[in-house]
Amino acid sequence: MLAAVFKGNGVLSVEEVPMPEIRDPKDVLIKVRAASICGSDLHILKVPPAQYGAPGTIMGHEFYGEVAEIGPEVTEFEVGEYVVVDNILKCHTCIDCKTGHDNLCLNAKIFGQTLPGGYAQYCVIPEAQLYHMPKDVPSWYAAQTEPLACVMNGMSKINATPDKKVLVYGAGPIGLIYTRVLKLYGVKNLAVAEMSPYRREYAEKCGAEFTVDPSKDNVKEVLQEKWGSGCDIAIDAVGVGSIFGEAVELLNGGGTLLIVGQNANAVSEVKPATIVRNELTVKGMYCSHNTFPTAIKLLQNPELGLEKFLTNKVELKDILTGIEALKKQEACRVVVYPNGFC
Ligand SMILES: [Zn+2]
Ligand SMILES: [Zn+2]
């Protein structure tokens, strides 16, 4: 079968690999229908990497497909059904797993990063990692379940009521999903800070009240002018170190900064006194946390409007074209089809 394999050193290679086989009686063989290219994938493909991926691994962690074969002890799924994959395989024994933080599992293995993922025609996933996906959800939409589940984990950490003023840093796929979900929550005072003019346009299409270019605009002055104050909630969906320090200076008293962008090499300069003086809360958010069911339900809400930033659909053989477009910031959301467009 065809797969996109991480070779280390920023190299992703599209090549023929052996078909995966069911080994455990609870395994499910999935024929992948669609997979999204994530910012994390670009981080893994950086030199030096900004996120870990094990060389030799088939990448792709945001994907769904059709059950092609089931192990003898699989009880919840049948051949022909559509399923979406929770990409984090937990150990269930470490301190984080035992204290209700299993998304932070110390021994986690991740499909598409350290275990074979969805940039392949087929993959084998344990039954316990799967959720049912209704067949009427469009394929590229179903491939947004994992990032939407991550966003819903983040939403559970901020009290984004309609009266709040919210600033989202970054109009990549995650920033734009936050933008759409915040709109759905009724947030009207919603700004997006983004350096790429191309992506600012998509932020506006997604319903941002206004956008700012943090490389040129004085964000604090713009917020003052538009809102008469700073923001109540800032969401860092970029993960460059400078945003931490900048964002805390923009928050109103009692405000919250949620950091979701992950870059292993980022370092920040922050004034702790600002956090003290304004009683700010700084939170991190990592992956999904029991939020797949919420995300699957939300995907079926016609108001969600994630199609507003779907820019590219590519077949698996052309995945590198999609990745290049994302690197050049000439694409927002790229969806990969390993078994032909569907
Ligand atoms: Zn992702
Ligand atoms: Zn664990």
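When a ligand or atom number is given, it counts from 1 through the structure's own listing order. Numbers here are sequence positions counted from 1.
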### Message
For Phe341, does the six-membered ring have the charged nitrogen or CZ of Lys313 within the cation-pi criterion, i.e. under 6.0 angstrom from the centroid and within 45° of the normal?
### Response
no
### Task
Considering just N/O/S atoms, say which atom of His61 is closest to the Zn ion (ligand 1).
NE2
## Note on the structure
Taken to the nearest 0.5 Å, the spacing of Met133 CE from Ser139 OG works out to 11.0 Å
### Query
Any salt bridge between Glu66 and Lys31, counting N to O under 4.0 Å?
no
### Apex the Zn ion (ligand 2); atoms Cys105 SG and Cys97 SG; angle rounded to 10 degrees
100°
### Message
Among the N/O/S atoms of Glu62, which is closest to the Zn ion (ligand 1)? Give the atom name.
### Response
OE2
### Query
Which value, rounded to 10°, describes the SG(Cys91)-the Zn ion (ligand 2)-SG(Cys94) angle?
110°
### Task
Look at Asp41 and state whether any of its N, O or S atoms is less than 2.8 Å from the Zn ion (ligand 1).
no
### Query
What distance do Ile235 atom CD1 and Lys157 atom NZ have between them, rounded to the nearest 0.5 Å?
13.0 Å
### Query
Taking Leu182 as the fixed residue, which of Val151, Ile233, Val192, Leu190 is the one that meets the side-chain contact (heavy atoms from CB on, under 4.5 Å) rule?
Leu190
